[in-house]
Amino acid sequence: ETTSEATSSSAAETLEVTTVTVAHTQSSAPMNYVDENGESTGYEVSVLKAIDELLPQYEFEYVPTSDEDLLIGIESGKYDVGTKGAWYTEERAQKFIFPENYIGASSIGVLIRSEDAEEITDLESFAAAGKSLVPISPNNAQYNVIEDFNAEHPDTPIELTAADVFEIADAYTWLLEGRYDGYFAVKTAYEVNVLAEGAPYSQYKDDFSYFVYEALPTWPLFNKEQQQLADAYDEAFLQLEEDGTIDDLMIEFLGENTFQYVKE
Amino acid sequence: MLALKNIHKKFGELEVLKGVDIEVEKGDIVVILGPSGSGKTTLLRCINFLERADEGSLHFDEIQTEFSKASKKEINAVRKKSAFVFQNYGLFDNKTVLDNVTEGLIVGRKMPKKEAIETAIRALEKVGLSDRLAYYPSQLSGGQQQRVGIARALAVNPDVILFDEPTSALDPELVGEVLQVIRKLAEEGTTMVVVTHEMTFAKEVANRVIFMDQGVIVEEGTPEDIFGNPKEARTRGFLQRILARV
Amino acid sequence: MLALKNIHKKFGELEVLKGVDIEVEKGDIVVILGPSGSGKTTLLRCINFLERADEGSLHFDEIQTEFSKASKKEINAVRKKSAFVFQNYGLFDNKTVLDNVTEGLIVGRKMPKKEAIETAIRALEKVGLSDRLAYYPSQLSGGQQQRVGIARALAVNPDVILFDEPTSALDPELVGEVLQVIRKLAEEGTTMVVVTHEMTFAKEVANRVIFMDQGVIVEEGTPEDIFGNPKEARTRGFLQRILARV
Amino acid sequence: MNRPFDITYIWKAVPEILSGLGVTLQFLIGTIVIGGLLGFLATWARISGPKWLRAIVHGYIWIIRCTPSIVMMFLVFYGLPEVLLGAFDIDINSWNRLNFVVIALSLLFSAPCSEIMRSAYLAVAKVQREAALSIGLTEAQAFRRIVLPQALVSALPNLGNSFILLMKEGALAYTIGIVDIMGKGQLIIARNFGGYSIETYIALAAIYWLLTLAIEKAFKLAEDKLSAGKQPLRAA
Amino acid sequence: MTIDLPYVQEILILVLKGIPTTLRLTFIPLLIALPFAFLIAVARQRNVKVLARISQIYVSFIRGTPLIVQILVMYSLFPSLLNVLVKNWGLEYDVFGINPIYYAYIVFTLNTIAILSEVFRSALETVDKRQLEAALSIGLLPVQAYSRIVIPQALVAATPNLCNSTVNLLKSTSLAFLMSVQDITAIAKTEAAFGYNYLESYLVIFIVYIVLCSLVQVFFQLLEQRLSLYKRGRNITVKSENDKQPEYFEDVRKERYHAGIEEYS
Ligand SMILES: Nc1ncnc2c1ncn2[C@@H]1O[C@H](COP(=O)(O)OP(=O)(O)OP(=O)(O)O)[C@@H](O)[C@H]1O
Ligand SMILES: Nc1ncnc2c1ncn2[C@@H]1O[C@H](COP(=O)(O)OP(=O)(O)OP(=O)(O)O)[C@@H](O)[C@H]1O
Ligand SMILES: [Mg+2]
Ligand SMILES: [Mg+2]
């Protein structure tokens with residue numbers, strides 16, 4: 001409803017342009033973040049920017065904010081749409097509109113010590129070996145994945161500890177010193193922190209190994225009143241997928257097309 | 001010029017003043033005598049509204065009011081016309097000697113700063129303290145503090161000064177000097193109500209003496225009457241025991 | 001029993017004590033006279049280590065020390081053997097009259113509670129205040145506070161009591177009573193050093209009088225000597241002006 | 001220890017972190033002024049207001065002290081515009097978000113601030129006010145010139161605590177997307193996928209400490225000035 | 001926007017389980033901090049040479065660095081260091097098995113010491129020097145003079161600020177979730193994440209904090225009233241029977257009464 005009246009006065013002459021407030025999280029690289037110059041960027045934000053190009057009737061305005069504010073804001077109508085790498089649950093679908101098409105997929109997997117690499121190749125073997133996992137924020141998709149995993153494997157659950165978001169790369173050190181055995185991380189983080197040239201942990205490259213578990217599809221969330229906008233999004237998204245823009249952005253921000261890892 | 005009628009004051013259930021009447025004429029020096037705890041300080045505090053009397057009326061020049069009902073404006077007016085010398089000195093701890101005295105002039109009476117300082121120094125000279133201008137109260141001896149308190153009250157040149165044992169911490173030499181000052185003030189027309197334990201003081205400067213005990217005025221009269229020919233047994237007892245000692 | 005030699009004390013640049021010697025025998029009542037600001041309070045405070053003297057030595061029974069070097073143990077020992085009656089009363093604001101007096105007994109001297117209360121009440125009776133046991137200092141008149149201060153010092157039954165103007169807020173009747181108390185204490189062997197402005201007091205109870213001025217002892221002797229036949233011009237001047245008044 | 005540490009990164013992070021300094025200072029000063037004023041009024045009401053007002057203010061302080069800062073932030077950010085729009089037809093949705101931060105923090109700050117002032121006021125001896133009145137100062141003058149300076153001496157250390165805590169409240173601003181120095185640090189860390197976090201945090205800590213030292217210095221000066229004439233609680 | 005009431009009820013029950021943790025995180029650091037804070041305050045107040053300087057740096061550093069940085073140091077770096085040391089000493093102790101709540105205790109204690117030391121320092125400023133002198137002069141040792149005369153008077157000015165600090169501490173313990181400690185906020189947030197019920201969760205957090213903080217406030221209010229009794233003065237009654245007198249006073253009064261000695265009020 002807050003879709004702005006501000007532009008409606010000038011609307012008479014040309015096409016009626018509606019301003020859309022797009023909230024995104026500011027510190028969830030590579031999906032959504034704020035760059036050195038204070039510009040909103042990241043994979044999901046970039047997709048939305050491309051979509052905006054295709055929708056002349058809308059003009060997107062980006063508001064970087066926190067997870068909590070984003071959710072409350074969309075629900076209350078302060079923001080029309082928001083993106084935070086959210087995954088789908090039934091409960092959430094009652095509060096927000098999930099469009100037909102997910103916007104991206106974050107490929108997650110487990111970082112382990114190389115010495116364990118032979119024994120551990122997937123979550124099942126990780127669980128079976130009784131290994132411990134670095135605490136996860138309940139806000140993260142990973143938390144839910146492990147919960148689901150435990151529900152499916154009641155005999156060999158993985159011990160799951162919740163902790164608030166704590167954006168430090170110390171988890172790599174914790175692995176090395178044996179505090180924990182596995183770090184359920186986004187693949188890009190592993191690449192940037194360990195594999196890349198000049199990465200902080202590049203000297204320990206050989207001590208780590210990584211296996212991809214799956215890619216979780218992530219959705220933008222629309223305010224309940226914004227069905228029309230959600231439909232417009234869906235239409236535009238398909239178009240972008242077709243013309244290869246999505247693929248390009250995936251490569252740019254995530255290094256590869258992660259849709260391939262999505263389990264249906 | 002100052003008349004108080006039927007002042008009553010209770011602290012909790014303890015009745016400290018039980019109907020006190022006082023009348024003071026312009027230029028009077030009224031001395032209040034009485035044993036410790038008889039309500040002298042409380043009486044002075046009530047006059048200046050530092051304590052709210054429960055009952056009684058006040059007539060002070062054009063101001064006429066009930067204690068229990070006095071408005072802020074009336075209270076301020078009374079305070080502007082009077083000054084109080086505290087039994088425990090009550091100096092401003094955060095101000096120097098000079099600032100203690102100029103405060104009431106510059107802020108209270110809007111006197112220009114320079115004039116205020118001159119006035120203050122004159123008042124401090126009267127009590128022999130013009131060499132301690134920059135000291136803080138905590139750096140003064142008891143007698144020095146008491147004299148600053150006196151100078152502070154003198155400086156604002158009020159119509160009435162209420163003294164609560166102004167010489168208790170002074171050596172006899174200084175008592176004499178302060179007595180001189182008070183006498184001179186009286187000549188200039190300042191009215192004074194003095195609570196004191198110094199009989200000499202009472203005899204020499206008072207033109208009226210009030211003897212209080214247990215919250216009531218037992219007797220009042222000229223110094224000659226009270227000291228020479230006290231009517232009440234309680235007064236006689238009090239004076240006898242003192243004179244027996246001196 | 002108490003000997004002080006060559007006490008010097010400076011506050012910043014101001015030298016307040018300029019080499020004071022005092023010797024006090026057991027049972028003595030030494031009265032210190034002197035004009036306001038002459039350093040009397042400072043001297044008493046130095047004896048009790050409330051102020052640290054810059055120079056000088058102290059000999060108190062078996063304690064023998066330099067002021068500037070005294071250890072904590074020595075300081076505590078001196079304080080345990082002495083009591084101080086403050087010019088400004090110095091009552092514990094957060095304690096009732098009774099608790100003010102028992103504090104030094106129960107905590108300082110480890111006396112059983114019941115005995116302490118009995119002792120305290122006796123001391124308070126001596127100064128006529130046993131009807132105010134449950135009052136807080138803020139609820140007392142000036143004279144009442146001063147008497148509690150005296151009772152507090154009496155109660156701990158020290159070897160030496162240092163009085164700083166113990167009667168300044170008292171009416172003459174009470175002065176007489178307090179004087180009695182002090183005299184009786186002396187008979188029981190308590191040593192006392194009393195700063196006072198009450199000449200009568202000095203004449204009647206002292207067995208030695210010290211006249212101080214500007215940080216030095218000008219003259220000392222028996223009351224008869226000092227009052228009857230003062231040698232120094234300054235003493236004569238001080239006494240003359242007083243006697244002229246009385 | 002297996003812990004990479006790039007000391008030069010600390011220095012590299014400083015300029016970007018400092019670009020948030022303006023925001024930190026803005027909400028800090030804004031809150032001190034508005035919250036301090038609110039706190040002062042609350043103190044005044046509690047000490048010399050009529051009974052009903054005292055009760056209301058007491059309740060206000062009570063509730064504010066119970067409110068977690070994040071809850072207050074959302075109440076102000078979402079509740080206030082609704083209230084103003086509904087009741088007065090004033091639309092503040094387009095306001096700069098910093099304003100909401102300042103309002104939320106001011107409300108939060110006013111309660112402890114008022115308690116600080118109240119306890120400091122009550123600690124000044126009664127006779128100080130009385131003496132001022134007795135020489136003809138009005139209540140207001142007596143308060144401003146005699147009581148207040150003495151009360152401040154004991155209020156300052158506590159106000160110092162509050163100011164420093166307030167300065168570090170950037171996390172609260174971050175929840176509605178206002179980026180102060182703390183926020184800048186977090187953006188940097190997020191952009192690095194958690195890399196160099198220790199280095200970034202060290203830079204942050206250093207900057208905060210410097211600011212704290214500056215605040216402490218100012219308070220020390222004020223304290224020394226105001227406690228002139230006061231004897232420290234110290235036996236010889 | 002609607003509030004999902006059954007859900008509120010559901011989390012509320014879950015969150016109640018976090019209350020003991022929250023209380024522990026508040027009161028253990030508080031109680032440990034009190035004596036240390038007081039010592040620092042006295043050292044600074046009396047300007048004890050080296051100690052005052054060190055305390056000042058400590059207070060400034062702890063107050064001046066963000067809590068989140070301290071948590072990082074305590075929760076991440078410190079155990080690593082400890083682990084290396086333990087290994088070097090050849091000990092068989094599992095450093096990483098230590099419950100992180102202990103790190104939370106340490107962080108909150110260090111902070112509380114710094115904050116309270118300033119609270120106490122300011123409170124000591126309000127006590128008149130003469131009170132200390134009087135206590136010493138009747139033969140109390142400095143420790144006794146402080147504990148019996150100075151501190152009770154200082155506490156009057158300190159209580160409202162102690163209350164501020166306690167309430168602040170109570171609310172800031174939610175940061176312990178960074179160290180995976182499950183306090184009330186942690187539980188509420190974890191529950192909220194699944195269905196994005198943040199509104200309801202914050203409502204629950206609010207309710208719980210109102211109750212907890214109110215208890216703290218009631219306690220301190222009563223304490224303040226009790227401690228400042230001497231300022232207002234005891235209610236004077238002519239007959240002492242209604243007076244709340246110290247019980248020993250009452251004993252002696254009765255005894256003396258029965259002994260036929262005059263009654264006093
Ligand atoms: N705030 C108070 N609460 C209760 N009682 C009080 C209070 N102030 C004074 N009193 C009592 O009132 C009586 C009179 O006190 P007041 O100070 O007027 O005596 P005073 O005549 O000035 O005595 P002094 O010569 O000793 O100064 C005393 O018995 C005292 O205990
Ligand atoms: N803390 C201080 N700082 C500076 N000067 C001080 C300090 N304390 C006392 N003085 C000065 O020392 C001198 C002596 O003070 P002291 O209190 O010993 O006098 P006194 O003989 O007791 O006088 P009185 O009879 O007036 O009480 C005074 O001139 C006073 O100004
Ligand atoms: Mg009196
Ligand atoms: Mg003196």
Side-chain angles (χ1 to χ4, degrees), chain D residues 1-3 61-63 65-71 74-75 78 111-112 115-116 118-120 122-126 153-158 160-162 164-165 167-168 170-171 182 185-186 197-198 201-202 204-206 208-213 215-216 223 227 230-236, chain E residues 1 45-47 56 60-61 63-69 72-73 76-77 80-81 84 115 118-119 121-133 136 142 145 150 156-161 163-165 167-168 171 174 185 199 202-203 205-206 209-214 217 224 228 231:
Chain D
M1 269 194 281
N2 317 324
R3 190 181 290 280
I61 292 174
W62 185 287
I63 287 293
R65 289 215 281 189
C66 292
T67 313
S69 37
I70 181 100
V71 171
F74 283 133
L75 279 178
Y78 288 99
E115 286 294 283
I116 291 172
R118 185 175 67 85
S119 67
L122 293 177
V124 178
K126 250 175 35 190
V153 176
S154 60
L156 281 176
N158 294 306
N161 269 343
S162 302
I164 291 166
L165 282 179
M167 178 181 69
K168 297 190 288 178
M182 173 62 83
Q186 265 161 355
S197 53
I198 292 181
Y201 276 127
I202 289 176
L204 257 180
Y208 271 114
W209 195 12
L210 281 177
L211 290 173
T212 301
L213 287 171
I215 294 180
E216 283 177 344
E223 223 182 299
S227 50
K230 196 173 153 56
Q231 295 249 297
L233 184 71
R234 214 178 286 165
Chain E
M1 255 203 313
Q45 228 270 334
R46 303 179 58 142
N47 229 341
Q56 192 188 352
S60 161
F61 180 75
R63 285 201 300 183
T65 49
L67 203 54
I68 187 167
V69 176
L72 169 70
V73 171
S76 188
L77 303 189
S80 303
L81 181 71
V84 171
I115 297 288
E118 287 293 282
V119 169
R121 191 168 69 82
S122 80
L124 288 173
E125 295 274 1
T126 65
V127 180
D128 195 316
K129 181 185 177 224
R130 281 173 290 200
Q131 297 289 319
L132 175 62
E133 291 178 350
L136 296 175
V150 175
V156 176
T159 11
N161 297 307
C163 183
N164 277 342
S165 309
V167 166
N168 277 343
K171 291 193 283 184
S174 59
T185 312
L199 269 184
Y202 281 123
L203 182 67
I205 290 175
F206 192 19
Y209 275 117
I210 284 189
V211 173
L212 295 182
C213 292
S214 289
Q217 292 196 64
E224 188 186 348
S228 64
K231 287 198 164 178

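So you know, we letter chains A, B, ... as the sequences are listed, proteins then strands, and number each from 1.
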Correct closest heavy-atom pair for D:R118 and E:P160 would be NH2-CG, 3.7 Å
Honestly, the part of D:L165 sitting under 4.5 Å from a heavy atom of chain E is side chain
If one checks every heavy atom of E:D128 against chain D at 4.5 Å, the contacting part turns out to be backbone
TODO: Answer whether the closest heavy-atom distance between the side chains of D:E216 and E:R63 falls below 4.5 Å.
DONE: yes
Counting heavy-atom pairs under 4.5 angstrom with chain D, the leader among E:A157, E:A123, E:P66 is E:P66
If you tally heavy-atom pairs under 4.5 Å between each of D:A123, D:S69, D:P68 and chain E, the highest tally belongs to D:P68
In this structure, OG1 of D:T212 is separated from CZ of E:F61 (nearest 0.5 Å) by 10.5 Å
Here the gap from D:L210 atom CG to E:S60 atom OG, rounded to the nearest 0.5 Å, amounts to 9.5 Å
The reported gap from SG in E:C163 to CZ in D:R65 (rounded to nearest 0.5 angstrom) is 3.5 Å
OH of E:Y202 to CD1 of D:I70, rounded to nearest 0.5 Å, is 4.0 Å
Here the pair of heavy atoms bringing E:V127 nearest to D:L233 is O-CD1, 3.8 Å
ask   = Are the side chains of D:Y208 and E:T65 in touch, meaning some heavy atoms are under 4.5 Å apart?
value = no
Honestly, the part of E:V167 sitting under 4.5 Å from a heavy atom of chain D is side chain
Output for pair (D:E115 CD, E:T159 OG1), nearest 0.5 Å, gives 9.5 Å
Most heavy-atom pairs under 4.5 Å with chain E, out of D:S162, D:G160, D:P157, D:A206, belong to D:P157
Exercise. How about D:M182 and E:I68: do any of their side-chain heavy atoms sit closer than 4.5 Å?
Worked result: yes
Q: Would you check, one step at a time, whether the test side chain to side chain donor-acceptor pair (under 3.5 Å) holds for D:S154 with E:E125?
A: CA-CA 6 Å; D:S154 60; E:E125 295 274 1; over 6 Å; no
Of the listed E:V69, E:N47, E:L212, E:N168, the one with the largest count of heavy-atom pairs under 4.5 Å with chain D is E:V69
- Just wondering, do D:K168 and E:L67 contact through their side chains at under 4.5 Å, heavy atoms? no
Of D:L156, D:N158, D:I116, the largest count of non-hydrogen pairs under 4.5 angstrom with chain E goes to D:N158
Side chains of E:E224 and D:S119: does their closest heavy-atom pair fall under 4.5 Å? no
When rounded to the nearest 0.5 Å, the distance separating OH of D:Y78 from CG of E:L199 is 9.0 Å
Applying a strict 4.5 Å limit to non-hydrogen atoms, the region of E:V150 in contact with chain D is side chain
Heavy atoms of D:C66 and E:Q217 approach each other most closely as SG-NE2, 3.5 Å
With distance as the sole test, does D:K126 use its side chain to make a donor-acceptor pair with the main-chain N or O of E:K231 at under 3.5 Å? no
Scanning both residues in full, the closest heavy-atom pair of D:N161 with E:V119 reads ND2-CG2, 4.1 Å
Of E:V73, E:V156, E:N161, E:L124, the largest count of non-hydrogen pairs under 4.5 angstrom with chain D goes to E:N161
